[in-house]
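Step one of this worksheet: look at the structure below.
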Amino acid sequence: GPKVLQIPSHQIIDMGQMVTLNCDPVSNHLYFYWYKQILGQQMEFLVNFYNGKVMEKSKLFKDQFSVERPDGSYFTLKIQPTALEDSAVYFCASSSQGDSDYTFGSGTRLLVI
Amino acid sequence: QQQVRQSPQSLTVWEGETAILNCSYENSAFDYFPWYQQFPGEGPALLIAIRSVSDKKEDGGFTIFFNKREKNLSLHIKDSQPGDSATYFCAASENTGNYKYVFGAGTRLKVIA
């Protein structure tokens with residue numbers, strides 16, 4: 001079936017540096033999401049995005065986080081600067097409608113050292 | 001505060017047995033409950049879902065039993081196979097037109113041949 005691609009699959013970065021996580025959503029999907037999963041815990045909602053705008057963000061979506069999707073290219077999550085507690089797996093998802101099921105990517109495993 | 005709870009944390013069954021995975025929730029406004037299956041190194045994939053107007057949903061060997069009054073549901077995997085070994089996440093969302101899921105912490109299922 002259609003897939004969401006996440007690039008890179010793994011990233012190690014020094015604390016304080018900037019990191020950009022890239023997501024290539026399903027081609028006809030219009031809604032995009034980021035979730036964060038710390039090892040052994042549940043996935044937690046970070047943000048959703050539609051029509052070029054953030055619709056809703058959670059308390060986990062700190063000021064250092066930002067998302068964008070310039071002109072149909074990758075949907076990105078940028079963290080600047082990174083902190084140790086940002087180490088997690090970040091899952092991107094997309095859906096065709098706001099109330100339709102997600103397609104998830106395989107995640108980006110981010111390690112901040 | 002965990003809004004969606006899953007039990008058990010891990011479950012081992014023999015091939016051919018029925019695996020029963022439990023999920024409970026707190027928010028009465030939740031009305032849609034997808035179950036996601038995740039294999040190691042992959043993103044979660046939608047398995048089966050139920051709306052709160054139903055009390056049962058079947059798809060192949062997977063059945064959801066839903067109890068709105070008790071705010072719990074269970075996923076039954078009939079005739080479990082080793083290929084069903086994965087982590088299963090229960091999720092919940094409200095019908096706000098701005099879907100975001102609240103996930104449980106998952107049940108790690110192992111099916112032994």
Side-chain angles (χ1 to χ4, degrees), chain A residues 1-10 21 23-26 29-51 53-61 67 88-109, chain B residues 1-10 21-27 29-53 57 59 62 64 86-109:
Chain A
K3 290 188 185 293
V4 171
L5 298 177
Q6 288 191 241
I7 302 162
S9 59
H10 296 77
L21 309 184
C23 172
D24 188 9
V26 176
H29 284 186
L30 302 175
Y31 293 79
F32 314 114
Y33 313 84
W34 284 103
Y35 280 75
K36 177 181 179 181
Q37 185 181 37
I38 294 173
L39 187 64
Q41 299 183 22
Q42 70 266 40
M43 273 182 292
E44 295 191 89
F45 171 79
L46 283 176
V47 65
N48 52 17
F49 190 87
Y50 168 73
N51 199 25
K53 291 189 273 250
V54 169
M55 294 189 295
E56 185 176 350
K57 53 188 179 181
S58 73
K59 288 182 290 191
L60 295 179
F61 194 83
V67 291
V89 182
Y90 290 84
F91 288 100
C92 174
S94 67
S95 64
S96 55
Q97 303 291 331
D99 60 353
S100 54
D101 292 312
Y102 293 178
T103 300
F104 277 96
S106 298
T108 293
R109 284 141 189 85
Chain B
Q1 182 191 6
Q2 235 182 326
Q3 291 195 60
V4 175
R5 288 190 174 84
Q6 290 187 247
S7 64
Q9 200 169 29
S10 62
L21 289 65
N22 301 302
C23 179
S24 63
Y25 61 97
E26 296 173 7
N27 185 349
F30 287 151
D31 68 347
Y32 182 67
F33 303 88
W35 284 84
Y36 281 83
Q37 179 188 57
Q38 185 180 29
F39 295 106
E42 297 183 13
L46 178 68
L47 188 65
I48 185 172
I50 193 167
R51 295 198 179 274
S52 59
V53 294
K57 177 79 175 290
D59 187 353
F62 301 97
I64 300 174
T87 300
Y88 292 82
F89 291 99
C90 172
S93 66
E94 299 180 36
N95 184 18
T96 61
N98 192 19
Y99 267 44
K100 59 181 167 95
Y101 292 135
V102 178
F103 282 87
T107 292
R108 188 174 296 183
L109 173 67

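So that the names make sense, note that chain A is the first sequence line, chain B the second, and so on, each numbered from 1. Only heavy atoms go into these numbers, but all of them, side chains included; no hydrogens, no water, no symmetry mates.
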(request) Indicate the atoms forming the closest heavy-atom contact of A/Glu56 with A/Asn48, along with that distance. (result) N-OD1, 2.8 Å
(request) Below 4.5 Å from any heavy atom of chain B, which atoms of A/Gln6 appear? Answer side chain, backbone, both or neither. (result) neither
(message) Determine whether the aromatic ring centres of residues B/Tyr25 and B/Phe33 are separated by less than 6.0 angstrom.
(response) yes
(request) Check whether the side chains of A/Tyr102 and A/Tyr35 place a donor and an acceptor atom closer than 3.5 Å, and report yes or no. (result) yes
(request) May I ask you to decide if B/Ala49's main-chain N or O and B/Lys57's side chain share a donor-acceptor pair within less than 3.5 Å? (result) yes
(message) Does A/Lys36 qualify as a cation-pi partner of A/Tyr90, given the criterion of NZ or CZ under 6.0 Å from the six-membered ring centre and within 45 degrees of its axis?
(response) no
(request) Give the member of A/Gly105, A/Gly107, A/Ser95 that has the highest number of heavy-atom pairs under 4.5 Å with chain B. (result) A/Gly105
(message) Under a 4.5 Å cutoff for heavy-atom pairs, which residue among A/Gln41, A/Met43, A/Gln37 has the most contacts with chain B?
(response) A/Met43
(message) So for B/Gln38, is it side chain, backbone, both, or neither that comes closer than 4.5 Å to the heavy atoms of chain A?
(response) side chain
(request) Measure distances from B/Tyr101 to the heavy atoms of chain A and classify the residue's part below 4.5 Å as side chain, backbone, both or neither. (result) both
(request) May I ask you to name which of B/Ala91, B/Pro34, B/Gly41 has the most heavy-atom pairs under 4.5 Å with chain A? (result) B/Gly41
